[in-house]
Q: 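Let me begin by handing over the structure; questions about it come next.
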Amino acid sequence: MTSKFNRQILGLPIGRRQVLTGMAATGVAASAGLAGPALAQSKKTGVVRVWGEPGPYGGVAVAAMNEWAQKNAPGLKFEIESIPWDGVYIKLMTDLAAKRPPALISVESPIAMQLMAEGLLAPVDDLVDRIGRNRLVDGVQWGYWGAWKGKQYIVPAHHQPHLLLVRMDIVKELGLGDPDTWDWNDLLNAAKAISQKKPDMAGFCMALGRNLCTDYHFAALLHSAGGRMFDAANKFEVAFDSPQTVEALTFVKELQPYMPKGAVEYSFLQVVDAHVTGRTAMSFYWGRTLGRAAEEAKPVFEATEAFNHARNPTTKRRSNWNDFQGWCIPAQNNPFIDEVRQALVYQQTSKDWLIKYCHSLMPNVAPTYKDVADAPELKEHPFYKSKPRTVDTYFKASLANSSSTANELLQGVNPLAGIVHGRSVLAQTVQKVVIDNMKPQDAAKWGAKELSDIRRENMRLLG
Amino acid sequence: MRPSYTLSDRTVGLLFIAPFVTAALFFMIYPVAEAIRMAFYSYNPLRPELSTFVGLANFEYIFRDPLFWDSFWQATVWTFLSIVFQTVFGVGIAMLLHQALAGMAIFRGLLLFPYIVPTVVIALIWRWIFNPEIGVVNHALQGAGLINEPIYWLSTPSMAMASTIMLNVWKYMPFVVICVLARLQTVPLELYDAAKVDGAGIVRRFLDVTLPQLKEVLIVVIVFRTIWTFNKFEEIYLLTKGGPGTSTFNLAVYSFEQSIANLRLGVGAATGVVMMVMLSLGSIIYLRVSGFGEDERAS
Amino acid sequence: MTRNEFWGHTRRLVSYAVLCAVTFLVCFPLVWAVSTSLKPKSEIFSTPPTLVPHTVTLENYKALITGRPQYFQSGDQQVTSGTTPAQFFMRWFVNSMIVTLGSTLISIVISTLAAYSLTRFRYWGRTVVPYFSLLGYMVPSIIFVFPLFLVMVQLDLTDSLLSLVLGYVCITLPFCMWLMWAFMRSIPIEIEEAALIDGASRLQVFWQVVLPTALPGIIAAAIFSMIVSWNDYLFGRVFLNSLDNLTLTVGVMLFFEGTHVDWGLLMAASVLMTVPMAILFMALQRHLVAGFGAGAVKG
């Protein structure tokens, strides 16, 4: 007892209790053959900390890594730490500054690319060779997850677009047409019609709070309008003070009367809540909403379908904001780099584990490799049977409209996006318009100034 | 003769104070000094090796930042209203508890309880009961016919401010109660009897007898609570994160956001220095009104 | 019944009614939290909401105490999705206990020794130290949390419970010091002098005469210190990194920040983390009230 107490308060690695993982449940020998020559068994002991976003899939990936550890590093135990999106920054700052980074991080591309450009990550080109350079699904490139100055730093975990979720029962009842053909005006009219005819229901919902979710939701509208924060082709000069930004902000302002009143404070959770509890007929969201609706509100689940976003009337773009979530390996103060690289290859080359990964929260995390995306086993999921078109839109048909703040309009990797999100610049710009009633032109100017500050303070990242 | 192994009085005295001095140096004086030093540096916690001396630039930055001033004024409003309500309710409840009635100990226990509830817990409960759509408060108000449509407690700037004030009043009102109650117990009963003889009613008796007796303790409590409330962090951060927009930012949240989200530890530290200056002024006032140190000079 | 008796009864009735109403309002958030924590999932969102659950379930508490795993369906297999925050709850509980007791013990020992030294020995600065200590108590932790964090990084102590123990000593020591000093001053020195004349050594006097007399002060300081340490969020959030080492306040917030909130589970966690403080409060309320005012109100 005393020795345990001492070890604990002295911060030494302590004996970890065994936690149930997927290992016991699977018992399936994964195809480790692709993993290449295995290292000699690792003698290291302790807990390998892995960051993931909230949701079960991080736990599944770690279960795969533990399966690897059982054979190749019996003293190690991988443990997932779910980092809430809005908590990533404080976690990042304290863990890295404390020189205690996790051994492996699964994070959205803006932050991954910021870490990459800061030189904090270990390159993974050789891992890509072992995982299989030609496996990516059509329409994406390795660079979307994170390559910098000719080197790959991020291994894909999944891709994850947010789309337009629509309650088809309501849309049909009111005769609003096929959401797949809508442009912004149609979306606005539909939201208006629903708000007017359904007294207990908002027409549309997106996040408008000062948070990451608002950043991501607004970015899709900005990119659809053809706007950008930075010009990747021109030394990342700020391009935010533009008619396109004004157009997107104006559109949000026009939609606001048809959103739930609380939307100005909404983040990830509340947007999902609003849709799942039937308080909105349409919303912007990733596939998670369907997963939750299936568990908690069957009728909502059955009536909801996902579509590529409404077209911008001028550009005809339907841009979504795609997460391009990847695995990255901190290069400094990381005692488990070798083991993590091995375990990552093991997980990435096991079709079985990758399918489980996707199945753990359908259709939120989309497969990145062709062999997984086309596997018949992947389709053995009830959602595939009840909503084939929606699942397919999340998994494949959305890719043609992919965009991201870290790779705006897919015109080039942007290492400043993570900082932009850390400071919620886009969300604050939106809030200037929806809360403070600032003119969109002035809000765009305010946002542009913030972005210029970020660029000026972080020139070293662009060098 | 004392045996030689007995410690001399002086040694005992110094030995006893030594741990305190050591702890104070390492874990109080040094961090505060370091906080002041950092205010003059540009410091990105992800890249500590790039830290550079920037003179007064951090101070220039905050004084030019409209958000800093917004935070300052919001903190002032927050503090003022919190203190007013805390004091009014605190005195009221103390008066109620200052009666010789059976079962008073139970009431007193229950009414003082909020003070020991963790802020995290209160913030979570608040978010639950004040949830506009599924929270019980809106339900009750609508059920009682007091409101027609749900109140968005945390979604409009003024209601969010009101909610954080309510939380703060709820949690710290017991502090006022305890201090006032202690003082009430020392008010001589003869004063009341005399007032009664003069025909003064309850209100008159409160204004003419009780309040003057409480004046001293109330001033001390108010100054003390003002210093504390102005710098509160968790009560706001855990409930609203400073939102919606930045409408419930105070200087502590501003400092935290600058340090963490903006990775500008220097700017956060400069805000801290401004807070410390204000705090010192407040503390001097506090020492004055509380009368600490007077007897020191007298003795 | 005389007129006077009648008024006496009425006044008492009114007083009780007002007291009950106020107590209900103050306690309502906590009562609602307990009620939510005992409801099954289906009843949590039921309209109208029920104060007394129709079906009482301990499911939420069981999940926290035993650590309920989560499953999902893949093909025809049930797969667990790794660890959930609920599975760490008991571990975090123990961690919170360790840091709370550890830091309180250290704070009390240091402050008692120092207060004795300051009140019984004459040396330079002895009158100033308590006042600086009181000022130190006023400095909000947001100001020095990052510098202190950087100290912990240099000492290689981050992500350990020890770092938190030291951090809490640093927030609680100034007030404990002030309180113990005020208390020690009020203990008459004559008994000690008598014991010293009888041939007892300083240490014997301290151990056998002073400590027992100072016990009420020590208890008050300990309660204060435990409340502060148990309830802190900021230090835990900044100092700790890995799941295994978190404290309750930091860990429980992980329940909240996803796309799904299990309010029943969250409220059960809130109740459980309030229980130790509630027990402490009930057992030692008297001392809390006595020691409480000492920081703000002289005497």
Side-chain angles (χ1 to χ4, degrees), chain B residues 6-7 9 12-13 16-17 19-20 23 27-28 30-32 34-35 38 93 96 99 101 107 109-111 113-114 116-121 124-125 128-129 134 136 139 143 178-179 182 217 220-221 224 227 231 233-234 238 252 255-256 259 265 268 272 275-276 279 283 290-293 296, chain C residues 12 15 18-19 22-23 26-27 29 32-33 36 45 48-49 110-111 113-114 116-118 121 123 127 131 135-136 138-140 142-144 146-148 151 166 169-170 173 177 201-202 227 230-231 233-234 249 252-253 256 263 266-267 270 273-274 277 281-282 285 289 292-293 296-298:
Chain B
T6 316
L7 296 170
D9 254 19
V12 172
F16 274 25
I17 194 81
F20 177 77
F27 296 110
M28 287 181 259
Y30 175 73
V32 172
E34 185 67 10
M38 267 162 62
I93 289 176
L96 274 176
Q99 300 179 80
L101 295 175
F107 283 115
L110 289 174
L111 287 171
F113 193 70
I116 59 114
V117 177
T119 310
V120 167
V121 169
L124 290 173
I125 296 179
W128 170 226
I129 65 176
I134 49 178
V136 65
H139 242 289
I178 292 174
C179 296
V217 70
V220 175
V221 168
F224 185 79
I227 297 174
N231 296 319
F233 169 74
E234 293 177 356
L238 291 172
S255 167
F256 186 80
S259 305
L265 273 189
M275 287 162 73
M276 269 195 276
L279 176 112
S283 300
S290 65
F292 286 140
E296 213 59 42
Chain C
R12 222 166 298 154
S15 289
V18 176
L19 263 178
V22 170
T23 311
V26 168
C27 294
W32 192 254
T36 305
F45 299 105
I110 293 183
S111 61
L113 292 177
Y116 183 72
S117 170
L118 287 170
F121 301 93
Y123 43 81
T127 51
Y131 293 100
L135 280 184
M138 302 266 190
V139 179
I142 183 79
I143 287 178
F144 54 87
F146 293 116
L148 198 61
V151 172
L166 294 175
V169 166
C170 146
L173 188 55
M177 168 73 205
S201 75
R202 262 289 172 191
I227 293 178
W230 184 267
N231 293 1
Y233 168 79
L234 181 62
T249 46
V252 163
M253 287 310 280
F256 191 83
W263 283 106
L266 199 58
M267 288 299 117
S270 298
M273 66 193 280
T274 311
M277 289 299 108
F281 178 72
M282 281 189 282
Q285 200 205 117
V289 174
F292 208 45
V297 189
K298 194 174 58 154

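Order of the sequence lines sets the chain letters (A, B, ...), proteins ahead of strands, with each chain counted from 1.
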Q: Which one wins on heavy-atom pair count under 4.5 Å against chain B: C:Y116, C:W32, C:W230?
A: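 Going by pairs under 4.5 Å, I would pick C:W32.
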Q: Give me the atom names and distance for the closest heavy-atom approach of B:I116 to C:N231.
A: O-ND2, 3.3 Å
Q: Hey, which of B:S283, B:P118, B:S259, B:G272 has the most heavy atom pairs under 4.5 Å with chain C?
A: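 Winner by heavy-atom pair count: B:P118.
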Q: In terms of heavy-atom proximity below 4.5 Å to chain C, should B:A252 be classed as side chain, backbone, both, or neither?
A: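 Both parts, backbone and side chain.
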Q: Between B:L101 and chain C, with a heavy-atom cut-off of 4.5 Å, which part of the residue counts as in contact: side chain, backbone, both or neither?
A: both
Q: Tell me which of these, C:L266, C:L234, C:V151, has more heavy-atom pairs under 4.5 Å with chain B than the rest.
A: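 Between C:L266, C:L234, C:V151, the count favours C:L234.
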Q: Is B:F233 close to chain C through its backbone or its side chain, or both, or neither, when contacts mean heavy atoms under 4.5 Å?
A: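 It is the side chain, since no backbone atom gets that close.
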Q: Which atoms of B:M38 are under 4.5 Å from chain C, going by heavy atoms: the side chain, the backbone, both sets, or neither?
A: side chain
Q: Against chain C, label B:L110 side chain, backbone, both or neither, depending on which of its atoms sit under 4.5 Å from a heavy atom there.
A: both
Q: Find out whether B:I125 and C:M267 are in side-chain contact, i.e. whether some heavy atom of one side chain is under 4.5 Å from a heavy atom of the other.
A: yes
Q: May I ask you to name which of C:V18, C:V169, C:L173 has the most heavy-atom pairs under 4.5 Å with chain B?
A: C:L173
Q: Hey, does B:I17 have a side-chain heavy atom less than 4.5 Å from the side chain of C:F121?
A: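 A side-chain contact is absent here, since even the closest heavy-atom pair is not under 4.5 Å.
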Q: Can you tell me which of C:Y123, C:F146, C:W263 forms the most heavy-atom pairs within a distance under 4.5 Å of chain B?
A: C:W263
Q: Begin with the C-alpha distance, continue with both residues' side-chain angles, and end with the deciding distance and a verdict on side chain to side chain contact (heavy atoms under 4.5 Å, CB included) for B:M275 and C:I142.
A: CA-CA 10 Å; B:M275 287 162 73; C:I142 183 79; 3.8 Å; yes
Q: Can you tell me which of B:E234, B:M276, B:E34 forms the most heavy-atom pairs within a distance under 4.5 Å of chain C?
A: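 Among the listed options, the one with the most contacts to chain C is B:E234.
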Q: For the candidates C:A33, C:P29, C:S111, which exhibits the highest count of non-hydrogen atom pairs separated by less than 4.5 Å from chain B?
A: C:P29
Q: Side chains of B:P114 and C:V26, heavy atoms from C-beta outward: is any pair under 4.5 Å?
A: yes
Q: Looking only at heavy atoms and a cut-off of under 4.5 Å, which of B:Y30, B:W128, B:F27, B:F113 has the most pairs with chain C?
A: B:W128
Q: For C:L19 and B:L111, run side chain to side chain contact (heavy atoms under 4.5 Å, CB included): C-alpha distance rounded to whole Å, both residues' side-chain angles, the deciding distance at 0.1 Å, then the answer.
A: CA-CA 10 Å; C:L19 263 178; B:L111 287 171; 4.2 Å; yes
Q: Within the 4.5 Å heavy-atom criterion, are C:F144 and B:M28 side-chain neighbours or not?
A: no
Q: Shorter than 4.5 Å, heavy atoms on both sides: which option in B:T119, B:V136, B:I134, B:I93 has the most such pairs with chain C?
A: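 The answer is B:V136.
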Q: Pick from B:V32, B:I129, B:V121: which one has the most heavy-atom pairs with chain C under 4.5 Å?
A: B:V121
Q: In terms of heavy-atom proximity below 4.5 Å to chain C, should B:L265 be classed as side chain, backbone, both, or neither?
A: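 Contact with chain C: side chain only.
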Q: Let's test your reading of the structure: which of C:L118, C:T23, C:T249 forms the most heavy-atom pairs below 4.5 Å with chain B?
A: C:T23
Q: Would you mind checking which part of C:M282 comes under 4.5 Å of any heavy atom in chain B, side chain (CB onward), backbone (N, CA, C, O), both or neither?
A: neither
Q: Would you please test B:L96 and C:V22 for side chain to side chain contact (heavy atoms under 4.5 Å, CB included) and show each step?
A: CA-CA 10 Å; B:L96 274 176; C:V22 170; 4.2 Å; yes
Q: I need the B:I227 CD1 to C:M138 CE distance, nearest 0.5 Å.
A: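 Between B:I227 CD1 and C:M138 CE, I get 4.0 Å after rounding to 0.5 Å.
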